A.B. asks: 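What follows is a single structure, and I will ask about it in a moment.
Values reported hereafter were calculated over all heavy atoms of this structure, with side chains retained and with hydrogens, waters and symmetry mates removed. Nothing here was measured: the structure is a model prediction, and the numbers come from that model.
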Amino acid sequence: MYEHYKKARDMSWKVLLECGINSLPVDLWKIAEHFDLRMHTYSKSSVTQLFREDVLHGDGFIVYLGDRKEIFINDKIKSKRRRRFTVAHELGHGILDHDIGTIHYRNSENDSQTDMQELEANIFARDILMPATVLAALNIHTPEEIMNLCEVSQRSAEIRAERMEELYQRNMFNHHPAERKVRELFDDFIQDYKK
């Protein structure tokens with residue numbers, strides 16, 4: 001299990017650094033553009049008719065169309081914050097090179113304990129949207145603070161806040177060189193936020 005966690009976490013740091021993301025909320029479109037992943041909403045896509053009806057009831061999915069990875073997001077989901085997590089989750093599938101030959105549509109912000117690709121995509125999304133090193137530097141603790149700062153749903157913020165408390169108790173920040181670089185990348189944002 002730890003190897004899957006580590007793979008997704010490490011990739012989130014790499015992506016933040018490679019894309020030059022240095023403020024919250026994270027610009028997911030910049031990441032998608034950098035990795036040449038096209039995004040579509042269900043309502044504005046003419047190709048959603050190609051997919052099974054049950055797939056279109058999910059929050060989103062990623063699939064190959066030709067030789068390109070394409071992300072589809074259910075824009076009928078009212079919560080923009082939940083849609084942001086879905087986008088980050090689907091970016092995770094694309095960037096982590098998961099097998100997307102079969103469509104797995106997302107309907108939950110909770111980690112799967114049996115599907116390792118879903119687990120990795122959720123960890124990637126959490127760590128991209130709510131980088132622990134940045135939250136720690138800002139001394140952020142509550143779900144409400146996380147929700148407002150990172151523009152994520154209440155449930156995503158609660159899950160992250162629980163994990164952050166574990167990390168605070170163990171002082172598990174900035175041990176990895178990539179994590180330290182992410183922290184440095186956000187220095188200006190952190191200083192401005194603290195003013």
A.B. asks: Looking at CG of Leu149 and CG of Leu24, how far apart are the two atoms once the value is rounded to the nearest 0.5 Å?
C.D. replies: 4.5 Å
A.B. asks: I need the minimum non-hydrogen distance between Ala136 and Tyr168, along with the two atoms involved.
C.D. replies: CA-OH, 3.4 Å
A.B. asks: Can you tell me if Asp188 has over 12 outside heavy atoms packed within less than 6.0 Å of its CG?
C.D. replies: no
A.B. asks: Please report the interatomic distance NZ(Lys69) to CZ(Phe35), rounded to the nearest 0.5 Å.
C.D. replies: 10.0 Å
A.B. asks: Could you name each residue pair satisfying side chain to side chain donor-acceptor pair (under 3.5 Å) that touches residues 13-22, not counting sequence neighbours?
C.D. replies: Glu18-His34
A.B. asks: For a quick test of reading the model, state the closest non-hydrogen atom pair linking Ala132 to Leu167 and the distance between them.
C.D. replies: CB-CD1, 3.8 Å
A.B. asks: Using side-chain heavy atoms (C-beta onward) and a distance below 4.5 Å, is His4 in contact with Ile123?
C.D. replies: no
A.B. asks: Can you list every side chain to side chain donor-acceptor pair (under 3.5 Å) pair that touches residues 128-142, not counting sequence neighbours?
C.D. replies: Thr133-Asn174, Asn139-His141, His141-Glu165, Thr142-Glu145
A.B. asks: Under 4.5 Å between any side-chain heavy atoms of Leu119 and Met1, yes or no?
C.D. replies: yes
A.B. asks: Counting only heavy atoms not in Lys80, do more than 12 sit closer than 6.0 Å to its NZ atom?
C.D. replies: no
A.B. asks: State, to 0.1 Å, how close Gly92 and Phe124 come at their nearest heavy-atom pair, and which atoms those are.
C.D. replies: CA-CD2, 3.2 Å
A.B. asks: Should the pair Arg82-Asp59 be classified as a salt bridge under the 4.0 Å nitrogen-to-oxygen rule?
C.D. replies: yes
A.B. asks: Any side-chain to backbone donor/acceptor pair from Asp75 onto Thr41? Under 3.5 Å, distance only.
C.D. replies: no
A.B. asks: If you define the side chain from C-beta out and look only at heavy atoms, does anything of Cys19 sit under 4.5 Å from Asp27?
C.D. replies: no
A.B. asks: Is there a side-chain contact (heavy atoms from CB on, under 4.5 Å) between Leu91 and Ile128? Walk through the geometry before answering.
C.D. replies: CA-CA 10 Å; Leu91 286 170; Ile128 277 287; over 6 Å; no
A.B. asks: Within the supplied structure, the quantity of interest is the number of heavy atoms (other residues, nucleotides, ligands) at a distance under 6.0 Å from Lys7 NZ; does it exceed 12?
C.D. replies: yes
A.B. asks: Given side chains that start at C-beta, do those of Pro131 and Ile21 come closer than 4.5 Å, heavy atoms only?
C.D. replies: no
A.B. asks: Below 4.0 angstrom, N of the basic side chain to O of the carboxylate: do Glu33 and Lys30 qualify?
C.D. replies: no
A.B. asks: Stepwise, does the side-chain contact (heavy atoms from CB on, under 4.5 Å) test hold for Arg183 with Ile190?
C.D. replies: CA-CA 9 Å; Arg183 166 65 176 73; Ile190 291 164; 3.8 Å; yes
A.B. asks: Got a salt bridge between Arg160 and Asp127, using NZ or NE/NH1/NH2 to carboxylate O under 4.0 Å?
C.D. replies: yes
A.B. asks: Using side-chain heavy atoms (C-beta onward) and a distance below 4.5 Å, is Ile140 in contact with Tyr193?
C.D. replies: yes
A.B. asks: Would you call Arg155 and Glu158 a salt bridge, taking side-chain N to carboxylate O under 4.0 Å as the test?
C.D. replies: yes
A.B. asks: Name the orientation class of the two ring planes belonging to Phe61 and Tyr42 (parallel below 30°, tilted from 30 to 60°, perpendicular beyond 60°).
C.D. replies: tilted
A.B. asks: Evaluate side-chain contact (heavy atoms from CB on, under 4.5 Å) for Val87 paired with Arg84, printing each intermediate quantity in order.
C.D. replies: CA-CA 5 Å; Val87 168; Arg84 278 179 51 76; 5.7 Å; no
A.B. asks: Specify the closest pair of heavy atoms between His175 and Glu179, including all atoms of both residues, with the distance to one decimal.
C.D. replies: N-OE1, 3.6 Å
A.B. asks: Between the main-chain N or O of Ala137 and the side-chain N or O of Lys194, is there a donor-acceptor pair closer than 3.5 Å?
C.D. replies: yes
A.B. asks: Indicate whether any N or O donor in one side chain lies under 3.5 Å from an N or O acceptor in the other, for His93 and Glu118.
C.D. replies: yes
A.B. asks: If we only count heavy atoms from C-beta on, is the Met164 to Met130 side-chain gap below 4.5 Å?
C.D. replies: no
A.B. asks: Under the side chain to side chain contact (heavy atoms under 4.5 Å, CB included) test against His89, which residue among Ile62, Ile71, Leu129, Asn122 passes?
C.D. replies: Asn122
A.B. asks: Could you tell me if the side chain of Val134 sits less than 4.5 Å from the side chain of Leu138, heavy atoms only?
C.D. replies: yes
A.B. asks: Which is it for Leu37 and Ile95 under the side-chain contact (heavy atoms from CB on, under 4.5 Å) test, yes or no, and what are the steps along the way?
C.D. replies: CA-CA 9 Å; Leu37 295 167; Ile95 293 167; 4.1 Å; yes
A.B. asks: Which label fits Phe189 and Phe186: parallel for a plane angle under 30°, tilted from 30 to 60°, or perpendicular past 60°?
C.D. replies: perpendicular
A.B. asks: State whether the side chain of Ser12 and the backbone N or O of Arg9 hold a donor-acceptor pair below 3.5 Å, judged by distance alone.
C.D. replies: yes
A.B. asks: Got a second to check how far Phe72's CZ is from Glu90's CD, nearest 0.5 Å?
C.D. replies: 11.0 Å
A.B. asks: Mind checking side-chain contact (heavy atoms from CB on, under 4.5 Å) for Met147 and listing every partner two or more places apart, or none if nothing turns up?
C.D. replies: Arg81, Gln154, Ala157
